[in-house]
Every structure is written in C-alpha cells, then in structure tokens.
Amino acid sequence: MPELGQRYRAAFAASAERGDGPLLFPFLAAGFPTPAETPELVRAALRGGAAGFEIGVPFSDPLADGPVHQDAYNVALTAGATLETALDAVRVARAESPDAPLTLMGYLNPFLAHASSSDRSDRDPGSAVGEPLDALARRAAEAGVDGVIIVDLPVDESDAAREVLAGHGISLIYLLAPTSTPERIDAVARRASGFIYLLSLTGVTGARDQVARDLADFVGRVRARTDTPLAVGFGISRREHVVQVGTMVPAAIIGSALTATIASAPPGGRAAAVERYLEVVTGRRSETTGE
Amino acid sequence: MSRESGAFGPFGGQFAPETLMPALAELDDAWTEARADPTFAANLDAMLRDYVGRETPLTYAERLSEQLGGAQIWLKREDLAHTGAHKINNALGQVLLAQRMGKPRIIAETGAGQHGVATATACARFGIECIVYMGEEDVRRQALNVFRMKLLGAEVVPVTSGARTLKDAINEAIRDWVTNVRNTHYLIGSAIGPHPYPVIVRELQSCIGREARDQLQEKIGKLPDVAVACVGGGSNAIGLFHPLIDDPVRLIGVEAAGEGLDARHAATLSAGAPGVLHGTRTYVLQDEHGQITEAHSISAGLDYPGVGPEHAWLMLTERAEYVSVTDDEALDGLKLLSETEGIIPALETAHAIAYAARIAPSMSSDEVILLGLSGRGDKDVEIVRDALAARGR
C-alpha cells in the first residue's frame, strides 16, 4: 500500500524542482460524452500536458455544478456511465502514467450506493456515513486512485470516510471556499493529505472571464495555516488564468472549460481538441498563433 | 451526534458544499439566539395571529365521519391560514429570522407553488427581494400560483434541468445560494435540507400540532387516537406529529404512491433506501448506482424523491407509520371531502383524507382521527378536472 499522499507529494516536489509550475490537473467527467470515449480523452489529456486528473463521477443532482457539468453528467448517465466508468478512466490513466496523481471527484450518494449491497433493502440505515465506503476504497485503490473529493461531505462529517479511505492508502481531499472561516481552515488543515482544493470563488463550477480578485487574499489566509500543497479550481479556463494562479499555488484545476471543449468538438475530433486545449493552457502551445 | 446537534439518529446532518457551511453555522446561531429572545417569539406570535389568522380552527367533519361510519374525524384547518396552506407559518418565521441576520435577499424553491406563494407573501409584507425557483413542469401545472407569486412582487425562475419539478428547483436554489451566500437567505419550504433546516421548519410548523392538541382537549376532552397527515418533504406532518410525540397517539404519514408503488411514485419512505440528498441523510428514491430517480405524483407538492430526515428517524424507531395512497385514491379523497364537508382540499392533503377514509370505518365512534388539512384546493381544480375527465368521470 502506498504511503498516504505519496504521488501528490512527489509530483509537487518534482514540479518545484523543475520550476515549471503550476501543475495542471484537468477535470474529466467520466463517461462524457460516452463511456467508450473516456479512455482516449484521458490519454489525449496526458499527451497535452495533464499532470494528473480529477475524474468526475456522474451524478443526477450535481448541486455545486453549473450548466456545463450538469449537461455533461446528464449525457454521461444517459450513455450508461457509472462509478465503474470513472474507475475505468483511472485504470487507463494509471497504466499510461505510473506517477500521475489521480483523484476521483463526486457527490456522496453514488459513492455510498456503490459501497453498499446491490440489494438496496440490505442497506443498513444505522451505520455512520463513511463506514460503508470500505469496499469502494479497496476497489479504488486497486484501480490506482490516490485521492477522493466528495463535494457534499464537509470536514464536519468526514472523519469516518477519511479513516476508511486512509486504510487503503487513499487521501480524502478537502475543499475550502472563500467563505471558510479560520476555524474551518484549521479543521481541514489538521486532517488534510495530498492537497487542499481551494474554490477560487463562491459559486458553482463554470468558466469565468477573470480569476476572482480576492483569490490571493484567500490563498494567503489558507497558506498561513497549513503546509499541505494547495490547488485552485473553479472558474479557470485560460492560459493567463493558469499563469496567474501559478503565482499563488503549485497546481490549477480546469473543469468546465475542458468539458465545453469536448462538447463543442466534432465526433472523432474530441481527443485532438482535448490534447490541443491542454497544450494551450499548460503553455506548450501558443494560444494566439495556434501553431 | 445528539438530536439537538442536528442528527435524528443516523439521519439528518450537514452534507453540504463547503461554501455553504459557514452560512449554515450562522443560521444555526441566529436560530438559537432568536429562540431565546422573547421579542422574536412575541413578534412571530403577533404576525401569526393578526396576519395569518391563527389559531386555525379545528373542525369536526360530521358528515364525512357519518358517511364512513367509524371514527370521528377532526380537521386541523391549515387551509384557512393566510395564503391557503400551512406553508406561511414557516415562511414568516424564516423571513423574521433573515431580517435578524441582515440578509436583504431571499430565495426559495417551490413545487406546488404554495411555499413560493407563502414566501412571496412574507417577503412582500416586509419589503424583501424574493426569488422563487420552480420546475418548469410545475410552472405549467400550477400556473395560478405562478401568477400569484408575480402579483406579490416575486421573481419566478423556471428550472429546466432534470424532471423540471421540486427536486430540480431545490438544486437550482442551492446553486443560487452557493453563489450569493453572503447576502442571501435560502428559505427552505419543508423539513428537509442540511441542519438546522429540518429543526427550524419543524419548530415553526409545530403550532399546527400544539393548537390541534389543545383544541381537541377543549372540545372533547381527549387526545386523538390517530393523527394523519400527508408527507412529501413532510413539514405539515412533522408540525402535526411533533407536539404529540410523547402522547399515546398513532402517527401516520401518507406518501404519494402515484401510479402505484410498482410504477411511477413518490413514496420515499415506503419504497426508497437510505442515502444523501440536498444536504441531509434520509430515505431517497434512487437506483442501484445512487442516482436519484424521478418522483411522480399527481400532486406537485408531494413530487419529491427525498423526505425530511426526522420522518426517516420516526419510521426507523417505529414511532410513526408511513403508508401510501395512489393518484386515483387521492382524487377520490378530494371528491369525498368536497362533497361531504364543503371543503375542497389541496391534492397533497387529499392523500391524507384518502387514508383516513380507509381506516375510519374499522374504528369505533368514540375513537378520534386528527387529520392535518394542510391546504386548500383552489390551485388544483384544473388538474383535478383534467384528471377526472381522463378517467372518464
């Protein structure tokens, strides 16, 4: 079993040594637009410069997501995507890249459902949330998952889940928001491994024109209270955003803009669009010349 | 976690995005302070008396009881509250709370439109900006209530995601709240959502059960044998049940069986499984992958795939029973009360009536059913007309 957070630590350390940060962790909605296409999109993102992934587990009611991801999840679910599709994506990424940090990202209910018996009547309503995640954690670890983000599992409710995941070498990756109080930042800092995901703004996922003006202040407030590496996501879509975020934290996460890139690419051209987009936002390809 | 800290046994809790967690803590603090402040209670009581028209009557349903030939049925008349349903009790209380917190903007979700109307009403009364999220399908089904909200100065935002009903309206309201949390209070309309909402809504609706209990004691000197109420999210039911919880009273919640439990329905406790939806751990209608399935009921207010966590707890502890009634039976219940008592109930309420009609004949005439008449049916007459016509009646 790998040490908790080992791949994240190694990736951040290597990036710092190279001095070419920030690392880019794209978010890919598993199964969008179809489960069959997910593996080639994962490979394309790696070719384009992805340092790791957030693999999104489709959910029918993604209440922290904007329209782009709502639509993507709907399309994926209609095409038959499940949590298994996300684990498949992880397996593909792990096979391609033994060292890339791979993170599952989703909402609690599909994780709980996956963890329980297929016969719903067997679910024990008396168990604490998180306890049933053991089977899921084992399978996720086997697939190569390093961390899990559960959007609707705040730190207050997270201890059982964190311990179960840690038992399989998987970090529970915490989110902090600009509204997070010093007490909440400390509560996360005490528990965090891997990295802490900072939401750049108060709002749902979706591309924005500019990086939030108070981001540096927010990063500073968190930085003052923890040494765990930080990554910033929500609203980041362009190379200039990535560069700006890179002056504050060692990793950036791009979600909706990549999903929109996939959505607008023609069938057959999606992998190429993903690779090209990643090349642009990682700075490997100039945006303006389109070389 | 104790019940007071927000969990009902294994149910309840705060399964919300981090962005909202400080706001939930702020709400919890504000509620605790308001509860301890006699001025808040006095203001709320005065509003409930002089504006809402509380207490609402307790009516003996004489012809209904005679026709069914069994238990005495008593109706707690929330249909006579201002705006025509129990929803105003909660809306007014939370608007007063939002004022205490200095939140100038209020958002709400609505299914049948009753909570939206109640929220728009309370916001108009206090001059607060009001935005109501409503599934597009419900906007269509409840056009009259949409117009009422607009007359009251609220903005109604049709929600086009998912099944375009109550669940999707809640998702969209939460997305608004995540974005505007600093100046906005989310006025949840049922005893659902993350803590402290299920407790706040229960407390604000408990006037239903407190009054009914006192009124029944006064009129016939006894407690009810059975209390019956419809359950969607379950706010009118928990408001009726909670003050009776330590009494020897059977508590029966009636869910919407829609087209039948083997077809499309909204009977979450009867046919769902434990899960997490909209910030709370409760029973949820879901598939084997944990995807939330679409509920169906002829009544927009019951058309919800979750249920208040306290109801899940009352079921688990066997303190309350949960049963279900189909669309067809609800229509029968609506006609029955209309024809025997001259009261056209809401389609939601008609589910409770249909179940009371099922059990009353096997009870004795000195036994008492207390029925939560949660709302009036004016909003539903078009749907009822069409549904009866479609059934050739």
Side-chain angles (χ1 to χ4, degrees), chain A residues 57-67 70-71 73-74 77 81-84 106-129 150-157 174-181 183-184 188 197 199 201-204 234, chain B residues 1 6-7 9-11 13-26 160-163 167-168 170-182 194-195 271-284 286-294 305-306 312-313 315-316:
Chain A
V57 179
F59 183 44
S60 54
D61 293 82
L63 48 74
D65 280 296
Q70 291 172 45
D71 290 348
Y73 280 157
N74 273 337
L77 288 170
T82 65
L83 183 53
E84 199 56 39
Y107 292 81
L108 186 51
N109 206 53
F111 288 126
L112 293 176
H114 182 89
S116 64
S117 160
S118 59
D119 177 358
R120 289 179 298 161
S121 63
D122 279 359
R123 280 187 210 173
D124 173 12
S127 66
V129 162
I150 307 178
V151 177
D152 50 353
L153 188 71
V155 62
D156 320 56
E157 305 274 5
Y174 287 94
L175 299 151
L176 285 171
T179 52
S180 299
T181 57
E183 294 74 25
R184 299 190 61 78
V188 164
Y197 187 146
L199 309 180
L201 45 83
T202 54
V204 295
F234 277 40
Chain B
M1 219 189 287
F11 301 110
Q14 290 186 315
F15 299 95
E18 172 64 21
T19 309
L20 297 180
M21 294 301 287
L24 292 170
E26 179 191 1
T160 56
S161 57
K167 167 185 80 107
D168 312 290
I170 295 173
N171 288 338
E172 211 54 38
I174 292 174
R175 289 178 189 124
D176 179 316
W177 202 30
V178 166
T179 306
N180 301 296
V181 62
R182 289 184 174 99
H195 179 76
V276 170
L277 176 65
H278 294 147
T280 193
R281 187 163 194 242
T282 184
Y283 272 70
V284 176
Q286 55 186 315
D287 67 14
E288 72 268 32
H289 300 294
Q291 307 298 339
I292 310 304
T293 52
E294 287 170 6
W313 176 234
M315 182 174 79
L316 185 72

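Since this is a predicted model, take the numbers as computed values, not measurements.
Highest contact tally toward chain B, considering only A:Gly203, A:Gly66, A:Ala64, A:Ala177, is held by A:Gly203 [criterion: heavy-atom pairs under 4.5 Å].
When all heavy atoms of A:Ala113 and B:Gln286 are compared, the pair lying nearest together is CB-OE1, 4.4 Å.
You'll find the side chain of A:Pro62 reaches within 4.5 Å of the side chain of B:Arg175, heavy atoms only. A 4.5 Å side-chain heavy-atom check between B:Arg182 and A:Pro178 finds at least one atom pair inside the cut-off. Within the 4.5 Å cutoff, no side-chain heavy atoms of B:Leu277 are placed close to those of A:Asn109. The side-chain heavy atoms of A:Leu83 and B:His289, taken from C-beta on, include no pair separated by under 4.5 Å.
The part of A:Leu77 that comes within reach of chain B is its side chain, from C-beta onward, which places non-hydrogen atoms under 4.5 angstrom from that chain. For a residue to count as touching a neighbouring chain, one of its non-hydrogen atoms must lie under 4.5 Å from one of that chain's; by this rule A:Asp71 does not touch chain B.
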Can you give me every donor-acceptor pair (side chain of residues 17-25 of chain B, partner residue at least two apart or in another chain, under 3.5 Å) with its distance?
from, atom 1, to, atom 2, distance (Å)
B:Glu18, OE1, A:Arg184, NE, 3.4
B:Glu18, OE1, A:Arg184, NH2, 2.9
B:Glu18, OE2, A:Ser180, OG, 2.7
B:Glu18, OE2, A:Arg184, NE, 2.9

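Evaluation of the side-chain hydrogen bond (donor to acceptor under 3.5 Å, both in side chains) rule for B:Asp168 yields no partner, not counting sequence neighbours.
Taken to the nearest 0.5 Å, the CG atom of A:Asp156 stands 10.0 Å off from the CZ atom of B:Phe15. If you take CZ on B:Arg281 and CG on A:Leu112, they are separated by 7.0 Å, rounding to the nearest 0.5 Å. Atom-to-atom distance recorded for B:Ile292:CD1 and A:Asp61:CG is 5.5 Å, nearest 0.5 angstrom.
The closest donor-acceptor contact from the side chain of B:Gln14 to the backbone of A:Glu157 lies at 3.5 Å or more, if one exists at all.
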